[in-house]
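In what follows, chains carry the letters A, B, and so on, assigned in the order in which the sequence lines appear, proteins first and then strands, with residues in each chain numbered from 1. Computed over heavy atoms, backbone and side chain alike; hydrogens, waters and symmetry mates excluded.
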Amino acid sequence: MSNGTYNPNGLEQQFAGMGINNNDGYSGEGRSRYVPPHLRNSGGGGGGGGGGNNRSYGRSTESWGDAAPRANRSNDSWSTRSDYGNRSGGGGGGGSWDGRPTWKERGSYGGKYRRDGDQSYAPRRDENQGYWKDGVHHVGNRNPRLERELFGAAEDVDRQHTGINFEKYDDIPVEASGNEVPDAITSFTSPPLDAHLLSNIELARYTTPTPVQKYSIPIVAAGRDLMACAQTGSGKTGGFLFPLFSELFSKGPAPQEEENSSVPPGYGRSRKAYPTVLILAPTRELVSQIYAEGKKFGYRSWVKSCVVYGGADIGSQLRQIERGCDLLVATPGRLVDLIERARISMEQVRYLVLDEADRMLDMGFEPQIRRIVEQEGMPGVNDRTTLMFSATFPRDIQHLARDFLQDYIFLSVGRVGSTSENITQKIEYVEDEDKRSVLLDILHSSDITGLTLIFVETKRMADSLSDFLLGHNFPATSIHGDRTQRERERALEYFRSGRTPIMVATAVAARGLDIANVAHVISYDLPTDVDDYVHRIGRTGRAGNTGTATAFFNRGNKGIAGELADLLKEANQEIPQFLESIAREGRSFGGYSGRGGRGGRGRGGRGAGFGGRDYRFQSQEPSSRGFGGGGAAPDAFGAYPPLGGGYQGRPAAAAAAPPIQYQNKTSWF
DNA sequence: AAAAAAC
């Protein structure tokens, strides 16, 4: 297969390329320090440049970054959120955020180094980085090498967005609700998108907006907040990156305090970064992936993107931030850490994105998220645009939406190619002790083109199973939370590139990861939550391709049997007899009542490809979910539903008298 | 019950 942009010796070469950072100990020591993927070849400047070549730029961000006084803010176009009309149509004549000229250093910088022939000791200037001066976006030079690195070649197996079945786009169910929903766009055009962004979208070979993008672009352009129920595979990442970059490109940097712009960059009293855009996501791999997409769309622009997450060297992340940080992608834990170290400020955040919000809450990130959004000086709902994405819309997410969003547009989107059409699901009855040999059979008989992703429930199993496969000469790797970040990233890279076409994974890889060319997803162990199963199989059949999902089922999985059978039925898949009967046993016992308990969609929603419902517009009558029942009352135990409980279909505003929590079947005992 | 995530 084509190795495309993936050099087998990439890592070593990239270490070599970091020569500029020798003083940082990268190569001076006997053992090489880990360089996370986003720092390798960063900037991509000339030849051996590698990292560290943006340094001089960092200065500019430093100064504009200091927060403009609140009072100023209320005069600029940012804060008048109540006046939606003013912000649509790219108003303001494309000036800077507040109409004032932006920091001069940013402009003079170009002149300073452009004619400087000797760059051997001066901070390396990046010809490919654009800049903003006097209300004009000066786009950097093109760089074929960097373009190839960012966008890949058309034939690269691991970059393919081809095979997208565009006709199917039109079949995707989309529901938008809210006050004055802006009209959806139908194609990538300028306006409403910034012309430079459009050229980057073209380079990335995206030709048609997905449904979520069709809505999110005009919604953000109108300055509205968005709550979107959509899974990855719906073009979610582009759904927020496109409109955000478009806004940044046409509006330029946020205003900065005049006095502060004279502080010598890098030597000022603080080395704090003030990102304009903050994107939060639950896993390290996910933020890494979003950042990689961000680099594509930010190509040649003035916007400097950064990514921070745990498990990786914080020093290199700090240096990256110092070089400029307009758009930040982060996991919550590491971001809180950096805020505590006073290296990142939330005070200039104008756009906030919460990706996979339900997952973040599941993982217990709510305290960190609330701290980041509510207690660290981030502009309030009136002074920022907030986009929330979530596969499900349970009650705790509704609360978050109520607190973080203002008069939002609710969007419910299906996937590109519904589960039923693109993924063939097979359920095999396999006892635990037979799983290994059945797996070998499957691997032996399966098509060698395409990747195979195997899900297990425990980290230990991930290790032992990948060892077992390696022992049988299958090129396998594994990814789970006990592996080092370096191992995780390498595993993912090898898997993506096809160098190791089999990967054994825990839940860390179940959601959000967009890996092209996954032909087969095997649930070696079934999860207990059917939502997890849905997310897993969503790793295949992406972008309009077809895929196969196989699950090993035995009596130990009977808890999921009923919902699994329902799911298969909705997806028009074959339901094996054993599953049918085990599901029936479960149902007759205590009366299966569809989904209750923890977060998730009602059964009816998934088949239609909808992720949730805009509870704001549901009346007090029983919802279409089958969550029938009276008004607000304690549940059968006399207890009010827990805040974190999964529940939907009821206005969250009824807080004074919380509604019934419908119990999971198992809770009745 | 296990997984994920900051040091």
**Prompt:** What is the distance, rounded to the nearest whole Å, between atom CZ of A/R359 and atom P of B/dA4?
**Reply:** 8 Å
**Request:** Report which part of the nucleic acid A/R341 touches: base, sugar-phosphate, or nothing (heavy-atom distance under 4.0 Å, all strands).
**Result:** nothing
**Request:** Find the distance A/L513:CG to B/dA3:C1' and express it as a whole number of Å.
**Result:** 14 Å
**Request:** List for me each residue that meets side-chain contact (heavy atoms from CB on, under 4.5 Å) alongside A/T484, sequence neighbours excluded, and say none if there are none.
**Result:** A/R486, A/E487
**Message:** Does a side-chain N or O of A/R511 approach OP1 or OP2 of B/dA4 to a distance below 4.0 Å, or not?
**Reply:** no
**Request:** Kindly say whether the aromatic ring centers of A/F455 and A/Y524 come within a distance under 6.0 Å.
**Result:** no
**Asked** Taking atom C1' of B/dA3 as reference, at what distance in whole Å does atom CE of A/M461 sit?
**Response** 15 Å
**Request:** Using atom CD1 of A/I479 as one end and atom P of B/dA3 as the other, report the distance to the nearest whole Å.
**Result:** 14 Å
**Message:** Can you classify the ring geometry of A/F553 versus A/F578 as parallel (below 30°), tilted (30 to 60°) or perpendicular (above 60°)?
**Reply:** tilted
**Asked** In whole angstroms, how far is the C1' atom of B/dA6 from the CE atom of A/M363?
**Response** 12 Å
**Request:** Would you kindly give the CZ-to-P distance between A/R536 and B/dA4, to the nearest whole Å?
**Result:** 12 Å
**Request:** Could you check whether A/P527 gets within reach of a base, just the sugar-phosphate, or nothing at all, counting any heavy atom under 4.0 Å?
**Result:** nothing
**Prompt:** Is atom CZ of A/R460 surrounded by more than 12 heavy atoms (other residues, nucleotides or ligands) closer than 6.0 Å?
**Reply:** no
**Asked** Between B/dA4, B/dA6, B/dA1, which nucleotide gets closest to the side-chain atoms of A/E457?
**Response** B/dA1
**Request:** Report the distance from atom OH of A/Y524 to atom P of B/dA2, rounded to the nearest whole Å.
**Result:** 18 Å
**Prompt:** Considering residues at least two apart in sequence or located in another chain, which fulfil the side-chain hydrogen bond (donor to acceptor under 3.5 Å, both in side chains) criterion with A/R536?
**Reply:** A/E457, A/S523
**Message:** Looking at B/dA5, I'd like to know if its phosphate oxygens (OP1 or OP2) sit under 4.0 Å from a side-chain N or O belonging to A/R488.
**Reply:** yes
**Message:** Does A/T528 contact B/dA1 through a side-chain donor or acceptor facing the base, at a distance under 3.5 Å?
**Reply:** yes
**Request:** Pick base, sugar-phosphate or nothing for A/V336, based on heavy-atom distances below 4.0 Å to the nucleic acid.
**Result:** nothing
**Prompt:** A/I344 has an atom CD1; how far is it from atom P of B/dA6, in whole Å?
**Reply:** 13 Å
